[in-house]
There are 2 protein chains.
Amino acid sequence: MLDYQTALGPILHAIADPTRRVMVEQLAKGPASVSALAGRLPMSLQAAMQHLAVLEAAEVVRSEKIGRVRTVSLNPTALRQVERWVAEQKTAWERRLDRLGDYLGESPDDERKDHD
Amino acid sequence: MLDYQTALGPILHAIADPTRRVMVEQLAKGPASVSALAGRLPMSLQAAMQHLAVLEAAEVVRSEKIGRVRTVSLNPTALRQVERWVAEQKTAWERRLDRLGDYLGESPDDERKDHD
DNA sequence: TTTTTAGTAAAGCATATGCTTGACTATCAA
DNA sequence: TTGATAGTCAAGCATATGCTTTACTAAAAA
């Protein structure tokens, strides 16, 4: 099964940067212009735009330019992909713990805890 | 609100790399030795160990050396933090859409609030 | 029309990353 | 004790990243 949508690696790489996470957090509250996004950041507008370009390349974000203003908005699909991958790993992990529990008999011994 | 646990940035950076994701996926199925992890990867053992060091520094993974074998295992806490951050963003996003829905319920068009 | 304002493009630079190769150490096996 | 196995340390190198500064263009405002 291939990635139909955007690639997970670039998405994770995009949101691994603290500046870009601030941008995503702001965009989660609603669309914003490039300068509104760059406004609070302790760096040049150009630097902020380079971050935006990374987010957009990873399709974490989309944007549309109207007049001289480019409005950027979050693409929730990207975040869903992250969620999905993480959930898959957690599932595999928990299944292993279940098997381990069975194997070890019914002893309420070590290693496990509450998993859902 | 600060990060109590491990830092999200390093965790995301760690799992942004495809090689390291393969490692995490393998570890989700159960602990493995360094060489078992490195085994399938198209790179030197040393390179694989450098990846492992990144995962361990981010606390995505823990390891313990017994005899000459180091056994690596997944630390699900790190993945939970990713899950949490993503969920927070999605929540903010959806709340905004809800408000927008209410707003559009009565008044005509237009899609904004205040974005600075 | 002139001047801001919003956004772009591109070059340059310091640092970080991902990998290699070449030692080396500690443990287990024969 | 000798040798193979599992892992480690470190230097070196090419490429990627994050940022800056110096131009520019296009749209709105004055």
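Keep in mind the model is a prediction, meaning the values are calculated, not measured.
- Following rounding to the nearest Å, L41(A) (CG) and dT20(D) (P) show an atom-to-atom distance of 11 Å.
- Across the interface with DNA chain D, nearest-nucleotide mapping of V54(A) and I66(A) shows V54(A) to be the residue nearer the 5′ end.
- For the 3.5 Å distance criterion, the side chains of S63(B) and R70(B) qualify, holding a donor opposite an acceptor.
- OP1 or OP2 of dT20(C) lies within a sub-4.0 Å distance of a side-chain N or O belonging to S44(B).
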Tabulated below should be each protein N or O lying under 3.5 Å from an N or O of nucleotides 7-10 of chain C; please produce it.
residue : atom : partner : partner atom : Å
dG7(C)  : OP1  : V34(A)  : N            : 3.4
dG7(C)  : OP1  : R70(A)  : N            : 3.1
dG7(C)  : OP1  : R70(A)  : O            : 3.4
dG7(C)  : OP2  : S35(A)  : N            : 2.7
dG7(C)  : OP2  : S35(A)  : OG           : 2.3
dT8(C)  : OP1  : R70(A)  : NE           : 2.2
dT8(C)  : OP1  : R70(A)  : NH2          : 2.8
dA9(C)  : N6   : Q46(A)  : NE2          : 3.4

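- Note: NE2 (H51(A)) to C1' (dA16(D)) measures 14 Å, nearest angstrom.
- Put simply, CG on L52(A) is 13 Å from C1' on dA6(C), counting in whole angstrom units.
- With a 4.5 Å cut-off on side-chain heavy atoms, E64(B) and T71(B) do not count as touching.
- For the segment residues 14-22 of chain B, residues with any heavy atom less than 4.0 angstrom from an atom of DNA chain C are, sorted by number, D17(B), R20(B).
- Looking at R20(A), its side chain never comes within 3.5 Å of a backbone N or O of H51(A) through a donor-acceptor pair.
- In this structure R21(A) satisfies the side chain to side chain donor-acceptor pair (under 3.5 Å) test with no other residue, sequence neighbours excluded.
- Taking the side chain to side chain contact (heavy atoms under 4.5 Å, CB included) definition, one finds that R80(A) meets it with P76(A), T77(A), E83(A), K90(B), sequence neighbours left out.
- Under the salt bridge (Lys or Arg N to Asp or Glu O under 4.0 Å) criterion, E56(B) pairs with no residue at all, not counting sequence neighbours.
- Each of R96(A), R95(A), Q89(A) was compared with W93(A) under the side chain to side chain contact (heavy atoms under 4.5 Å, CB included) criterion, and only R96(A) meets it.
- In this structure, the side chain to side chain contact (heavy atoms under 4.5 Å, CB included) partners of L45(B), at least two apart in sequence or on a different chain, are V34(B), A38(B), M49(B).
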